[in-house]
A.B. asks: 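Handing you a structure now.
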There are 2 protein chains.
Amino acid sequence: MAKKTTIYDIAKELNITVSTVSRALNNISTISESTREAVLDMAKKLNYRPNKVASSLTSGKTYIIGVLLPSAQIQFFASVIHALEKYLKSFGYSILLYQTNESLESEKNGISTLLEAQVDGIIASLSLETEQDISHFEKVKEEGKPLIIFDRTHDDLQSPTVKINDEQAGYLATKHLLDKGYQRIAYITTKHKIKIFRERFEGYQRALQEAGIALKPSYALFGELNVEGGYEGAKQLLKLKDAPDAIIGGDDYVALGIIKALHEKGITPPAVGVIGFANQNFSEHIIPSLSTIDQQALQMGKECAKLFLKIIERSPSADKEIDPIILDPLLLARESTNRKTRS
Amino acid sequence: MAKKTTIYDIAKELNITVSTVSRALNNISTISESTREAVLDMAKKLNYRPNKVASSLTSGKTYIIGVLLPSAQIQFFASVIHALEKYLKSFGYSILLYQTNESLESEKNGISTLLEAQVDGIIASLSLETEQDISHFEKVKEEGKPLIIFDRTHDDLQSPTVKINDEQAGYLATKHLLDKGYQRIAYITTKHKIKIFRERFEGYQRALQEAGIALKPSYALFGELNVEGGYEGAKQLLKLKDAPDAIIGGDDYVALGIIKALHEKGITPPAVGVIGFANQNFSEHIIPSLSTIDQQALQMGKECAKLFLKIIERSPSADKEIDPIILDPLLLARESTNRKTRS
DNA sequence: CTGAAAGCGCTAACAA
DNA sequence: TTGTTAGCGCTTTCAG
């Protein structure tokens, strides 16, 4: 492969200087139209390709933004990645991806990696393990770089956030079941102390309280957030003397596990109501279709991107507080809860 | 925020030169243990963070590898991303992501973006639109950078590839249905001329031929690769006088659509057999569970990563041919095809 | 084992 | 409107 062509090559061919070339290429200030065209032509002719690494070193901007999240295999996050990349790309930004796999240590390494890569900012969602220690996130801000936290946020982290109203999500799910006439409503969620799961549970409590139904401790299960967790939890619930007539799953996978356990007992929703969270792609299509609370992943990704651009483009001095962006959860009522309402 | 500390700061504090600091930090050649420790201590004390952009500019290596694929929202690709990032991270590489959204133009822009970012190599899977024009991929090789194509490969592209044996995948699916006693087997796939879909279809043909069954043109449908496509296709097939007793879906979403259409007619698999491709996460959990051909997404991602490392680490002179890596498709026989075998 | 110095490709004052 | 000139932070010969 031949030597790469640089702006020096263009300058030499045209008998001008590199600064002129640079200005022409970046369409900066007042460049005579003629030289601009000449430069562009020559650039094309010489197969010039700008070296962003070099320009980053001088300008201090990489136009790369770091995305740190638990796992691209979780569909919610995949959707956020999708939306982020799609939107930011149109503003000239690229996405550098780092997965924590729900590990705090990995999360810390991720922040370091992204910071060393000189990203222009970081958009992150916390790992399940992250509880007290959030010093690594503080470092991002110490370096003066925008940090946006989405979905899995943290109380002690003073950063712009984008999330849905999780308390409302839990409330909606529970209220929906109540409206459908279910009375003995159980809840299977994660044992991890992540804020959003706690909030959803609070919404569940509020809905019950409003309906004047006492919270039964045996109806609240804390296990793993996956099919297996839902399956095991549901089996346990079905053994109760006073078995629930509806079960809320911490996410759609948990709900799937619940349905599986019911199926083994010869029960098909909505005979026992089942609802999940996340609106995974399969939820709509399984039989019976699964009621769920949509988390607005795509919308959330887009809002993160917009927020990032807003922050990056304002002057650093204008350091006024940024209001958290709270999206509304969306109840998707489908067959799995569609019991005939009592009259 | 205070000025960032550089190796100059460390050098000054220690009364040594930057070259020594650089050597110590990179653990290079023969550095006296004492100065190495001193440098490391001081680096920590001053909160030093290496600037990869600067080092990339001199060394010519960014330790970033570009990943170009249709969409992170397609679970197969999300899994590949997951595996790629997970594996490459342990070798110090990061992932710069670009989605083509199945558009050729976007694919071209993606290659440019990644190249400008000076990635050390590109791992890509073609968009549905990419047919004749693959000049953008040629450019990657012209720049002397490794280019690995996975899953959606292209005949004219002389690059290392990682894929599964798609012909075999199509064959396996069809053979499985035949073994289960299905005779009138239809196939709903995409209208796009992508190699892997063509190959799967060829496997379908081979299996039928082996069984001495003539290919019925009315049984081969070419539409969209999604739930809707499967639904519409199946509805059309069910109208035939000689309706099929089994339908192969071009992917699991198509299969989902097929099941939906059957459901509307009061038919539940395996009464009519249904099988898909990809083993999407929901396939195992829907009722009835969906038979499918696993594409080994995680394995594929890992093989891509390994291949990349192998290529990048060998001397550029050792330019011997790289054999394509062909993974075996995996038949996952589940309820949707589990008809009692004829005796 | 360490220092001196050049330079990676580009941007951005400051001049002209 | 264009040129001159420093760097950005680091690596990497070449000397010593």
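Order of the sequence lines sets the chain letters (A, B, ...), proteins ahead of strands, with each chain counted from 1. A quick note: this is a predicted structure, and the numbers were derived from the prediction, not measured. Values below: all heavy atoms of this structure, side chains included; hydrogens, waters and symmetry mates excluded.
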A.B. asks: Working to the nearest 0.5 angstrom, can you tell me the gap between B:Y48 OH and B:T6 OG1?
C.D. replies: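 It comes to 7.5 Å.
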A.B. asks: What do the steps show when you test B:K141 against B:E138 for salt bridge (Lys or Arg N to Asp or Glu O under 4.0 Å), and what is the final call?
C.D. replies: CA-CA 5 Å; B:K141 295 192 288 176; B:E138 304 291 357; 3.7 Å; yes
A.B. asks: Heavy atoms, side chains only, cut-off 4.5 Å: are B:K139 and B:S135 in contact?
C.D. replies: no
A.B. asks: Expressed as a whole number of angstroms, how long is the span from A:I10:CD1 to C:dC10:P?
C.D. replies: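 For the pair A:I10 CD1 and C:dC10 P, the rounded distance is 8 Å.
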A.B. asks: If the plane angle is over 60° it's perpendicular, under 30° parallel, otherwise tilted; pick one for B:F77 and B:F150.
C.D. replies: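 Rings of B:F77 and B:F150: perpendicular, as their planes differ by over 60°.
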A.B. asks: Got a second to check how far B:K4's NZ is from A:L115's CG, nearest 0.5 Å?
C.D. replies: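 Between B:K4 NZ and A:L115 CG, I get 7.5 Å after rounding to 0.5 Å.
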A.B. asks: How does protein reach along nucleotides 5-13 of chain D, written 5' to 3' as B (base within reach of a heavy atom under 4.0 Å), S (only sugar-phosphate), or - (no contact)?
C.D. replies: --BBBBBBB
